[in-house]
Amino acid sequence: GDCGREHYTISSFYDVLKIGSTVTSSSYTKSSLMSVFGRLNYSYAGKYLLSATLRADGSSVLADGNKWGYFPSVAAGWRISDEGFMSGTEDVLSNLKLRASWGVAGNAAIDPYQTVTSLGDDYIYYDEEPISGKIPGVMGNTSLTWETTKSWNIGLDFGFLNNRISGTLDFFQSKTTDLLYAQSASATTGFPNAMANVGETKGSGIEISLNTLVVDKEFKWDINWSFSSAKDEVVALSNGVDRNISGRTGQIVGEQVSIFYDYEQDGCWGVGEFEQFKKEWSARHAGEELAYMEGYGDPGTIKLIDKDDNGKIDDDDKIVFNRDPKAIFGMNNTFSYGGWTLGVLLYARTGGYISYDMNTQIQTESANWGNLDYWTVKNQGARTPAPGSNSSVMQTYKNALAYEKANYVKIKDITLSYNLPSTVLEKAHLGSAKVYCSLKNFVTFSDIDNYDPERGGSISFPLAKQVVFGLNLQF
């Protein structure tokens with residue numbers, strides 16, 4: 001069970017002065033998982049390796065009759081560098097191993113009681129007095145089963161020059177069936193959505209790691225490089241539909257699994273711009289009339305891209321914002337001299353979008369506290385609509401402001417340490433002693449000002465910059 005106290009705030013993490021009274025609540029949930037597995041390992045001459053595993057998992061959160069899943073896997077390896085025909089290459093080729101694997105994995109990471117229909121608490125008002133009542137809460141699904149992923153991997157381990165240069169190269173491909181997701185329910189049921197096994201996805205990618213000893217003298221410099229790139233795709237959805245959208249997220253056949261689906265902003269309407277647009281649109285669509293909502297086009301209001309140019313903003317104008325990165329890079333430097341060691345970890349991401357909460361903090365009917373680039377007559381190229389602009393337009397299309405490209409490069413960690421010399425350790429009767437200082441998340445380069453995109457867009461608890469001092473002792 002859990003019991004907590006929640007503060008309700010207007011402006012989230014930053015404005016602690018707006019914390020109101022606390023609300024105390026409690027709840028209790030129970031779930032259980034049982035697992036059994038067996039493994040067989042075989043090695044011949046130390047060069048030919050085989051491993052086979054069978055795992056059985058039972059989860060209480062799934063439906064009766066579907067609680068147990070069975071997941072086999074098999075892996076094989078060949079140490080090519082140990083073969084006789086590789087004799088004489090040891091000084092150049094230190095290690096060469098080919099790997100291959102196939103397996104099935106299961107996922108049942110959903111909240112308990114999704115198989116049981118239940119009601120939630122709410123209030124109705126009678127004679128201006130609140131009366132406690134019940135509303136549809138969870139629509140149970142008595143067919144929930146394991147989400148399963150079948151995957152294969154081909155990899156190569158290598159080492160050169162007595163492993164001064166070493167690394168791994170992996171290609172992988174996967175296929176997921178019975179994807180677990182909250183599916184939109186029919187309005188006639190009274191429930192907003194229901195957990196279901198909604199479809200099938202596939203994915204593939206590459207991962208590379210490289211270890212290089214750049215300098216190997218009294219002063220040492222070692223670099224660990226990493227690169228990964230992966231892409232997935234929705235192959236099919238249940239009941240033959242081509243999309244399952246709930247709010248601004250969901251799945252669309254042919255698109256990536258993790259997406260935002262929303263309108264695309266094109267700045268804000270300038271003074272006199274909408275009148276000029278209407279003239280040009282009417283010339284293209286003789287006899288037709290614009291069907292935008294009232295107030296759309298007023299100076300300072302949000303401007304969206306009408307993809308099909310039909311004079312109205314509807315679902316056909318929404319686009320896909322992929323959330324997953326195209327590639328992730330890492331570079332971990334380690335410099336050593338005497339008892340001193342300096343570690344510098346660089347990390348980078350390219351591709352993908354986040355929903356940045358700060359962009360939607362604009363208020364149209366109250367004070368604005370966000371440090372945003374607001375539209376004014378003297379700043380008509382701004383992205384954020386004018387405070388006080390049409391509130392109906394703002395509330396309808398506000399989320400289109402949120403999306404930001406999540407590209408960034410950051411120095412994720414800088415750690416300086418010193419190992420005390422043996423002469424000091426002997427006098428202090430210590431086995432080892434190390435003092436260190438670390439700077440975490442201190443430097444980030446991105447197109448989003450004063451924000452670390454690795455946090456994912458939330459401003460409630462930003463990714464903190466940390467200074468850590470430490471002492472490790474062994475006796």
Side-chain angles (χ1 to χ4, degrees), residues 1-2 27-43 49-77 99-118 137-155 168 170-185 191 193-205 207 228 230-239 244 246 249-251 256-258 323-324:
D2 62 82
S27 62
Y28 177 83
T29 59
K30 181 180 179 180
S31 63
S32 58
L33 177 70
M34 179 180 289
S35 299
V36 180
F37 73 93
R39 175 178 294 169
L40 175 65
N41 294 322
Y42 176 76
S43 173
L49 311 172
L50 180 67
S51 176
T53 302
L54 178 61
R55 175 173 180 146
D57 292 316
S59 175
S60 65
V61 302
L62 299 175
D64 290 338
N66 295 331
K67 294 185 182 296
W68 282 93
Y70 302 92
F71 312 108
S73 65
V74 61
R99 298 176 282 104
S101 63
W102 173 90
V104 181
N107 173 37
I110 59 174
D111 292 334
Y113 315 126
Q114 298 296 307
T115 62
V116 181
T117 298
S118 61
V138 175
M139 183 177 178
N141 183 343
T142 58
S143 300
L144 279 182
T145 188
W146 283 89
E147 173 184 307
T148 57
T149 300
K150 297 178 181 179
S151 60
W152 62 262
N153 174 280
I154 296 178
T168 62
D170 285 275
F171 297 93
F172 61 87
Q173 193 171 67
S174 64
K175 181 179 181 180
T176 300
T177 56
D178 295 321
L179 183 70
L180 285 168
Y181 197 82
Q183 187 176 41
S184 298
F191 294 88
N193 51 54
M195 186 61 65
N197 297 101
V198 300
E200 181 180 313
T201 68
K202 66 179 182 180
S204 60
E207 294 180 352
S228 65
K231 184 178 180 180
D232 55 23
E233 179 185 331
V234 177
V235 177
L237 294 173
S238 59
N239 302 320
N244 171 39
S246 178
T249 61
Q251 303 88 30
Q256 290 186 221
V257 176
S258 183
R323 301 173 68 173
D324 291 331

For the student: nearest non-hydrogen atoms of [X] and [Y], plus distance:
X    : Y    : value
K30  : Y113 : N-OH, 3.1 Å
V234 : T201 : CA-CG2, 4.1 Å
N153 : G155 : OD1-N, 3.7 Å
Y181 : N244 : CD2-ND2, 3.7 Å
D232 : Q256 : O-CG, 3.3 Å
K67  : S60  : NZ-O, 3.1 Å

Pairwise distance [atom1]([X]) to [atom2]([Y]) - rounded to 0.5 angstrom:
X    : Y    : atom1 : atom2 : value
D64  : T142 : CG    : OG1   : 9.0 Å
T53  : N41  : OG1   : CG    : 7.0 Å
R99  : L49  : CZ    : CG    : 11.0 Å
S143 : L62  : OG    : CG    : 11.5 Å
E200 : L237 : CD    : CG    : 10.0 Å
K150 : T177 : NZ    : OG1   : 6.5 Å

Treating [X] as the side-chain partner and [Y] as the backbone partner, does any N or O pair qualify as donor plus acceptor under 3.5 Å?
X    : Y    : result
E147 : N107 : no
N197 : T145 : yes
S204 : Q173 : no

Take T148 and F71, measure what side-chain contact (heavy atoms from CB on, under 4.5 Å) needs, and give me the verdict at the end.
CA-CA 9 Å; T148 57; F71 312 108; 3.9 Å; yes
Does any part of the side chain of D324, heavy atoms only, come nearer than 4.5 Å to the side chain of V257, both counted from C-beta?
no
Between L50 and L40, is there a side-chain heavy-atom distance shorter than 4.5 Å?
no
Run K175 and V235 through side-chain contact (heavy atoms from CB on, under 4.5 Å) and show every step you take.
CA-CA 9 Å; K175 181 179 181 180; V235 177; over 6 Å; no
Could you give me the CA-CA distance, side-chain angles and deciding distance for Q114 and N141, then say whether side-chain contact (heavy atoms from CB on, under 4.5 Å) is met?
CA-CA 7 Å; Q114 298 296 307; N141 183 343; over 6 Å; no
